[in-house]
**Q** 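There's a structure below that I have some questions on.
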Amino acid sequence: MDLAMRGKLVPQDPNDEPASVLLEKIKAEKAELIKEKKIKKIKPLPPITDDEKPFDIPDSWEWVRFNDIGIMKNGKTPKKTDVKSNARYPYFKVKDMNINSLYMKIVENYVDEKYESQIFPKNTIIYPKNGGAVLTNKKRILIQDSLVDLNTGGIIPYENINFKFLFYMFQSFDIKKYVKGSAVPTINAKKLRETVVPLPPLSEQSRIAAKIAQLFALLRKVETSTRQYAKLQTLLKSKVLDLAMRGKLVPQDPNDEPASVLLEKIKAEKAELIKEKKIKKTKPLPPITDDEKPFAIPDSWEWVRLGDVLDVRDGTHGTPKYVSDGVPLVTAKNLRNGKIDFSNIKYISESDAKKINERSQVNENDVLFAMIGTIGNPVLVNTDRIFSIKNVALLKANTLINMRFVYMYILTIQDLLLKNASGGNQKFLSLRKINKLPFSLPPLPEQVKIIKMVNSLFDKGKF
């Protein structure tokens, strides 16, 4: 929901009519409704300041107040004698919202045309306005013109607002922020009306609503299928990581030192290590062509090759003699779910391990991933235990790059790794091709912010 309201759940379409034009249509519709005395004219709300905008939104969107996109209306409790078992308009009480559905379908009570002026139109979003039910945060959609009781409020979407998008937006609100009173909790209508919200183009509203509905449908399957739950987790994690690697998860800070400067520092450090004979000088890698760039990145980022910014190595590809007790030999099968699984490990002699580790010593904060068989499955090393590697790529830690960001990047480009691999049933990704892989390099402070945001989303149990 958070990604949806930031314009990061579905792509923008440059052919969409921008929200600024949509906003003018809504203003015209509002003026006509006032003229026809269908709604009352209220005092204009203050302009939105920059301090009120909680995050960045796409250029085609607009910041508005909640009152600008929906008409807030209170319910009306009819006389008991006017409530019938069958009449023209359904009548709902707050308790009728205790249904396992977004839509108010089950009807027990009706009223006739006497209450026509208090009727809420089809597609109105209703919610408890007074009483203990306020804190349940229930929200429902009317599928037909209906009357609701006095303890219920309604948000009537303007003609140019997708009612499902409005519903999901309202659903994303923390209702506790709008509650006043303790003995009898009540929604603060003024505060709700003045809430600053993002407004996308109408077509994008529809795309967002459809995408959220798709994800919620998958969530409902969780109740009966743990496999579907795992699928949903994978889908959402993948989406977050994809946005992170494209520079769309956190805002860019113009005060950050751009990645171009960071790249020069990395080159200088690499030259010094070559001079000190700590690493070998390698043939310069070719510049990255536009066709090789898998997606667009912010201006402050740089496309580089992995071998330009990291020391890329690999473990042994031979099979040393196994021993009953010695140094663990980590292979692709030991890389699982972002961790090294030492529970079913094979051991090699210290002398064989020493030969392998002369060029492939693994240290804490290095990144490993499988280069033969099941390609990928990266691991950020978080142990100081000595071990050797076989058929595993090794990205040596660099103090100028956050290695957790590198780990997340490798997670994101699984398809690209497979595309570059050769072989049939036994896929193989060569060290040469790993060095040439494109890598999106953000400024270092932004790398840190991206990691904090991803960790926050994952740690809060949203995935």
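We use all heavy atoms of the structure for the numbers below, so side chains are in, but hydrogens, waters and symmetry mates are not.
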**Q** Keeping the roles fixed (side chain from Arg305, backbone from Pro287), state whether a donor-acceptor pair exists under 3.5 Å.
**A**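 Yes.
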**Q** Crowded around Lys293 NZ? As in, over 12 foreign heavy atoms under 6.0 Å?
**A**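 Above 12, so yes.
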**Q** Looking at side-chain heavy atoms only, is the closest gap between Asp311 and Asn398 below 4.5 Å?
**A**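 No, side chains not in contact.
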**Q** With no hydrogens and no angle check, just 3.5 Å: does a side-chain donor-acceptor pair link Glu116 and Tyr89?
**A**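 Short answer, yes.
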**Q** Between Glu257 and Lys265, is there a salt bridge with N-O shorter than 4.0 Å?
**A**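 Yes, charged N to carboxylate O under 4.0 Å.
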**Q** Enter the distance from Ile410:CD1 to Leu368:CG here, rounded to the nearest 0.5 Å.
**A**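 Reported to 0.5 Å precision, the distance equals 11.0 Å.
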**Q** Quiz question: by atom type and distance under 3.5 Å, do the side chains of Asp82 and Tyr115 form a donor-acceptor pair?
**A**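 Side-chain D/A pair, Asp82 to Tyr115: present.
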**Q** Going by an N to O cut-off under 4.0 Å, is there a salt bridge joining Lys93 and Asp149?
**A**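 No, no charged N to carboxylate O under 4.0 Å.
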**Q** For the backbone of Ala28 and the side chain of Glu32, can you confirm whether one donor and one acceptor N or O come within less than 3.5 Å of each other?
**A**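 Checked: no pair found.
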**Q** Heavy-atom distance under 4.5 Å between the side chains of Val197 and Met169, does that happen here?
**A**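 The answer is yes, as the side chains (C-beta and beyond) meet within the 4.5 Å cut-off.
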**Q** State which residue, out of Leu150, Leu147, Ile119, fulfils the side-chain contact (heavy atoms from CB on, under 4.5 Å) condition with Lys76.
**A**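 Of all the options given, the one that passes is Leu147.
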**Q** For the pair Asp112 and Arg88, find out whether any cationic side-chain nitrogen is under 4.0 Å from an anionic carboxylate oxygen.
**A**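 No, no charged N to carboxylate O under 4.0 Å.
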**Q** Step by step, work out the ring pair (Phe, Tyr, Trp, His ring centres under 6.0 Å) result for Tyr168 and Phe216.
**A** CA-CA 11 Å; Tyr168 290 128; Phe216 277 1; 5.7 Å; yes
**Q** For Asn337, I'd like to know if atom CG has over 12 heavy atoms of other residues, nucleotides or ligands within 6.0 Å.
**A**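 Count not over threshold, so no.
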**Q** Counting only heavy atoms not in Lys190, do more than 12 sit closer than 6.0 Å to its NZ atom?
**A**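 Incorrect, the count does not exceed 12.
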**Q** Under a 4.5 Å cut-off applied to non-hydrogen side-chain atoms, are Leu199 and Ile161 in contact?
**A**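 Result yes, sub-4.5 Å side-chain heavy-atom pair found.
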**Q** When you compare the side chains of Thr412 and Asp242, does any donor N or O come within less than 3.5 Å of an acceptor on the partner?
**A**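 The answer is no; no qualifying pair exists.
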**Q** Quick one: does Leu263's side chain get under 4.5 Å of Val304's, heavy atoms only?
**A**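 Yes. Closest side-chain heavy atoms under 4.5 Å.
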**Q** Using atom types as modelled and distance alone, determine if a side-chain donor or acceptor of Ser146 lies under 3.5 Å from a backbone N or O of Gln144.
**A**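 Yes, Ser146 side chain to Gln144 backbone: donor-acceptor pair under 3.5 Å.
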**Q** Please determine whether the number of non-hydrogen atoms from other residues, nucleotides or ligands lying under 6.0 Å from atom CD1 of Ile42 exceeds 12.
**A**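 Yes, because the 6.0 Å sphere around CD1 of Ile42 holds more than 12 heavy atoms from other groups.
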**Q** In the structure I gave you, are the side-chain heavy atoms of Leu142 and Tyr103 within less than 4.5 Å of one another anywhere?
**A**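 SC-SC contact between Leu142 and Tyr103 ruled out.
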**Q** Ion pair present between Lys449 and Asp256, side-chain N to carboxylate O less than 4.0 angstrom?
**A**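 Here Lys449 pairs with Asp256 in a salt bridge, since their nearest N and O are under 4.0 Å apart.
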**Q** What do you reckon, is CD of Glu108 surrounded by more than 12 foreign heavy atoms closer than 6.0 Å?
**A**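 Atom CD in Glu108 is not packed in, count stays at 12 or less.
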**Q** For Ile156, is there any backbone N or O sitting under 3.5 Å from a side-chain donor or acceptor partner on Thr124?
**A**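 No.
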**Q** Decide yes or no for Asn160 and Glu29: does some side-chain heavy atom of the first lie under 4.5 Å from some side-chain heavy atom of the second?
**A**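 Yes, their side chains come closer than 4.5 Å.
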**Q** On the 0 to 90° scale, with breaks at 30° and 60°, tag the Tyr409-Trp303 ring pair as parallel, tilted or perpendicular.
**A**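 Rings of Tyr409 and Trp303: perpendicular, as their planes differ by over 60°.
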**Q** Do Asp308 and Lys436 sit within salt-bridge range, that is, some charged N less than 4.0 Å from a carboxylate O?
**A**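 No, no charged N to carboxylate O under 4.0 Å.
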**Q** Would you confirm whether Glu62, through its side chain, and Pro198, through its main-chain N or O, come within 3.5 Å as a donor-acceptor pair?
**A**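 A pair under 3.5 Å: no.
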**Q** Ignoring hydrogens and geometry, is there a side-chain-to-backbone donor-acceptor pair from Arg65 to Glu194 under 3.5 Å?
**A**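 A pair under 3.5 Å: yes.
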**Q** Looking only at atom types and distance, does a side-chain atom of Lys339 sit under 3.5 Å from a main-chain N or O of Leu380, one as donor and one as acceptor?
**A**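 Not confirmed, Lys339 side chain does not pair with Leu380 backbone.
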**Q** Rounded to the nearest 0.5 Å, what separates atom CG in Asn382 from atom CE in Met403?
**A**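 That separation rounds to 13.5 Å.
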**Q** State, without any angle test, whether Ser343 and Asp341 hold a side-chain donor-acceptor pair at a distance under 3.5 Å.
**A**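 Yes, side-chain donor-acceptor contact under 3.5 Å.
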**Q** Donor-acceptor pair, distance only, cut-off 3.5 Å: does the side chain of Gln12 make one with the backbone of Gly7?
**A**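 Pair found, side chain donor or acceptor close to backbone of Gly7.
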**Q** Run Lys419 and Asp415 through salt bridge (charged side-chain N to carboxylate O under 4.0 Å, His left out) and show every step you take.
**A** CA-CA 6 Å; Lys419 184 180 176 181; Asp415 288 344; over 6 Å; no
**Q** Any side-chain heavy atom of Val134 within less than 4.5 Å of one from Tyr127?
**A**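 A side-chain contact is absent here, since even the closest heavy-atom pair is not under 4.5 Å.
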**Q** So how far is it from Arg207 CZ to Leu9 CG, rounded to the nearest 0.5 Å?
**A**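 Reported to 0.5 Å precision, the distance equals 11.0 Å.
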**Q** Would you tell me whether Asn363 and Lys396 have side-chain atoms, one donor and one acceptor, within less than 3.5 Å of each other?
**A**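 Side chains of Asn363 and Lys396: pair found under 3.5 Å.
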**Q** Can you measure from OG1 (Thr374) to CG (Leu335) and round to the nearest 0.5 angstrom?
**A**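 The CG atom of Leu335 is 10.0 Å from OG1 of Thr374, to the nearest 0.5 Å.
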**Q** First locate atom CD1 of Ile434, then atom CG of Leu306, and finally report the distance between them rounded to the nearest 0.5 Å.
**A**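 One finds 8.0 Å between CD1 of Ile434 and CG of Leu306.
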**Q** Quick check against the 3.5 Å criterion: does Lys191 have a side-chain atom that pairs as donor or acceptor with the backbone of Tyr178?
**A**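 No; zero donor-acceptor contacts below 3.5 Å.
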**Q** Between Trp63 and Phe55, is the gap from one ring center to the other below 6.0 Å?
**A**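 When the ring centroids of Trp63 and Phe55 are compared, they turn out to be within the sub-6.0 Å range.
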**Q** To the nearest 0.5 angstrom, please state how far the CG atom of Leu411 sits from the CE atom of Met245.
**A**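 Atom-to-atom, Leu411:CG and Met245:CE are 8.5 Å apart.
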**Q** Using the rule side-chain contact (heavy atoms from CB on, under 4.5 Å), only one of Ile99, Thr152, Val148, Ile125 pairs with Arg140; which is it?
**A**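 It is Ile99, the one option of Ile99, Thr152, Val148, Ile125 that forms the side-chain contact (heavy atoms from CB on, under 4.5 Å) with Arg140.
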**Q** Measure up the Phe66 and Phe170 rings against each other and bin them: parallel (under 30°), tilted (30 to 60°), perpendicular (over 60°).
**A**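 If you compare the ring of Phe66 with that of Phe170, the planes turn out tilted.
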**Q** Could you tell me if the side chain of Phe92 sits less than 4.5 Å from the side chain of Val107, heavy atoms only?
**A**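 They are in side-chain contact.
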**Q** Would you please indicate if the ring centroids of Phe342 and Phe387 are separated by under 6.0 Å?
**A**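 For Phe342 and Phe387, the ring centres are under 6.0 Å apart.
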**Q** Please answer whether the main-chain N or O of Asn402 pairs with a side-chain N or O of Gln447 as donor and acceptor at a distance below 3.5 Å.
**A**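 Looks like yes, one N/O pair under 3.5 Å.
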**Q** Can you tell me if Lys73 has over 12 outside heavy atoms packed within less than 6.0 Å of its NZ?
**A**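 Yes - once you tally the heavy atoms of other residues, nucleotides and ligands closer than 6.0 Å, there are more than 12.
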